[in-house]
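First up is the structure itself, then whatever we jot down about it.
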Amino acid sequence: MKYIFLLISLIVTGSAEATAAKLQSGPVITPFGKHYQVDSAIPVSAQTRLKVVFDVSEQSGTKKENRYFNSLARFINMHVSAGVPVENIELALVVHGEAGYDLLNDGGFQKEYQRLNPSAPLISQLLSNNVKVYLCGQSAAFLDIKQTDLIDGVEVALSAMTAHAVLAQQGYTFNPF
């Protein structure tokens with residue numbers, strides 16, 4: 001019985017290592033946004049235009065970047081890898097609740113957690129790739145987060161609900177992941 005568990009463990013471990021080796025970083029945002037190449041039944045082309053809003057309310061913790069923010073990097077990387085020009089991708093990130101802490105600049109994060117913000121490099125790359133990042137103003141007020149505490153380029157909306165309503169009117173679709 002012990003050997004069966006060992007064999008299963010080797011198979012699973014080997015399989016996990018092989019799968020991890022297929023993950024790709026880039027081509028736009030690195031080292032974030034790792035993704036797999038996939039033959040898709042829903043092809044995307046150079047004419048595809050994507051206008052998508054993501055919603056994040058969960059804080060990542062204080063030791064690594066917010067994995068939900070990483071979804072935007074993955075979205076950009078996998079679509080550019082599939083042939084969609086980066087200029088055809090418009091993303092917005094609406095952040096509320098305690099995830100607002102993950103938008104703090106290093107000074108604000110340091111005051112709160114005595115360490116640099118692990119999400120800051122990712123947010124900076126998203127912003128430099130034309131991702132709009134909005135913090136819910138209601139959450140910011142509740143958490144006592146000031147604009148001066150935020151990563152440069154992050155904007156404060158009246159509320160997350162308002163941001164979603166306005167972005168929907170601007171043609172953004174909601175990504176539920």
Side-chain angles (χ1 to χ4, degrees), residues 15-61 63-106 116-136 139 150-157 159-177:
S15 174
E17 288 172 3
T19 300
K22 295 177 187 175
L23 272 174
Q24 298 179 3
S25 186
V28 179
I29 299 175
T30 57
F32 309 105
K34 292 183 178 177
H35 61 284
Y36 297 98
Q37 291 293 335
V38 174
D39 291 327
S40 176
I42 303 173
V44 292
S45 70
Q47 287 72 43
T48 302
R49 297 190 86 59
L50 300 164
K51 204 168 182 183
V52 184
V53 61
F54 292 72
D55 182 89
V56 176
S57 62
E58 275 187 56
Q59 185 180 20
S60 67
K63 296 191 177 168
K64 61 183 197 171
E65 79 275 351
N66 189 310
R67 69 185 186 104
Y68 299 107
F69 296 172
N70 193 50
S71 293
L72 286 89
R74 186 171 62 253
F75 190 94
I76 292 169
N77 285 341
M78 72 178 164
H79 286 95
V80 171
S81 288
V84 178
V86 71
E87 52 275 356
N88 288 4
I89 302 170
E90 293 181 60
L91 302 183
L93 171 61
V94 176
V95 178
H96 55 102
E98 292 196 357
Y101 289 125
D102 291 334
L103 296 178
L104 293 174
N105 59 31
D106 283 333
L116 299 178
N117 183 351
S119 292
L122 172 56
I123 290 295
S124 293
Q125 283 198 56
L126 291 172
L127 288 164
S128 70
N129 282 282
N130 299 314
V131 174
K132 297 174 182 165
V133 180
Y134 299 102
L135 174 59
C136 168
S139 296
L150 296 172
I151 295 167
D152 285 341
V154 173
E155 299 178 70
V156 177
S159 70
M161 296 179 287
T162 305
H164 282 291
V166 171
L167 290 166
Q169 291 174 8
Q170 293 174 1
Y172 284 81
T173 59
F174 178 71
N175 186 319
F177 301 103

Nearest 0.5 Å, please: how far is CG in Leu126 from CG in Leu93? 7.5 Å
Where is the tightest heavy-atom contact between Pro118 and Lys63, given as atom of each residue plus distance? CG-C, 3.8 Å
Do the side chain of Asn175 and the main chain of Val53 share a donor and acceptor less than 3.5 angstrom apart? no
Heavy-atom pair with the smallest gap, counting every atom of Pro31 and Lys34: O-CE, 3.7 Å
Rounding to 0.5 Å, atoms CD (Gln24) and CE (Met78) come to a distance of 12.5 Å
Is the backbone of Ile29 close enough, under 3.5 Å, to the side chain of Asn77 for a donor and an acceptor to pair up by distance? yes
Going through the distances and angles, do Phe69 and Val95 end up as a side-chain contact (heavy atoms from CB on, under 4.5 Å)? CA-CA 9 Å; Phe69 296 172; Val95 178; 3.8 Å; yes
Start with the C-alpha distance between Leu23 and Tyr36, add both sets of side-chain angles, then the distance that settles side-chain contact (heavy atoms from CB on, under 4.5 Å), and finish with yes or no. CA-CA 5 Å; Leu23 272 174; Tyr36 297 98; 3.5 Å; yes
Before you tell me yes or no, could you show the steps for Phe75 and Leu50 under side-chain contact (heavy atoms from CB on, under 4.5 Å), namely the whole-Å CA-CA distance, both residues' side-chain angles and the distance that decides it to 0.1 Å? CA-CA 10 Å; Phe75 190 94; Leu50 300 164; 3.9 Å; yes
For the atom pair CD (Glu98) and CD (Glu58), what is the distance rounded to the nearest 0.5 Å? 10.5 Å
Candidate pair Val133 and Leu150, rule side-chain contact (heavy atoms from CB on, under 4.5 Å), full reasoning: CA-CA 11 Å; Val133 180; Leu150 296 172; over 6 Å; no
Pro85 vs Val80 side-chain heavy atoms within contact, under 4.5 Å: no
Under 3.5 Å donor-acceptor pairs involving side-chain atoms of residues 164-171, not counting sequence neighbours:
residue : atom : partner : partner atom : Å
His164  : NE2  : Asp55   : OD1          : 2.7

Under the side chain to side chain contact (heavy atoms under 4.5 Å, CB included) test, which residues partner Asp106, sequence neighbours left out? Leu116, Asn117, Ala120
Just verifying a value: how many Å separate Leu135 CG and Glu155 CD, rounded to the nearest 0.5 Å? 11.0 Å
To the nearest 0.5 Å, what is the distance between CD (Glu90) and NZ (Lys132)? 6.0 Å
Could you pull out all residues at least two apart from Phe32 that satisfy ring-ring contact (aromatic ring centres under 6.0 Å, His included)? none
Does some side-chain heavy atom of Glu65 sit less than 4.5 Å from a side-chain heavy atom of Pro121? no
Rounded distance [0.5 Å steps], CD1 in Ile123 versus CG in Asp152: 12.5 Å
Do side-chain atoms of Ser119 reach the backbone of Asn66 as a donor and acceptor pair under 3.5 angstrom? yes
Would one find more than 12 heavy atoms of other residues, nucleotides or ligands at under 6.0 Å from atom NZ of Lys51? yes
Heavy-atom side-chain proximity of Val56 to Asp102 below 4.5 angstrom: no
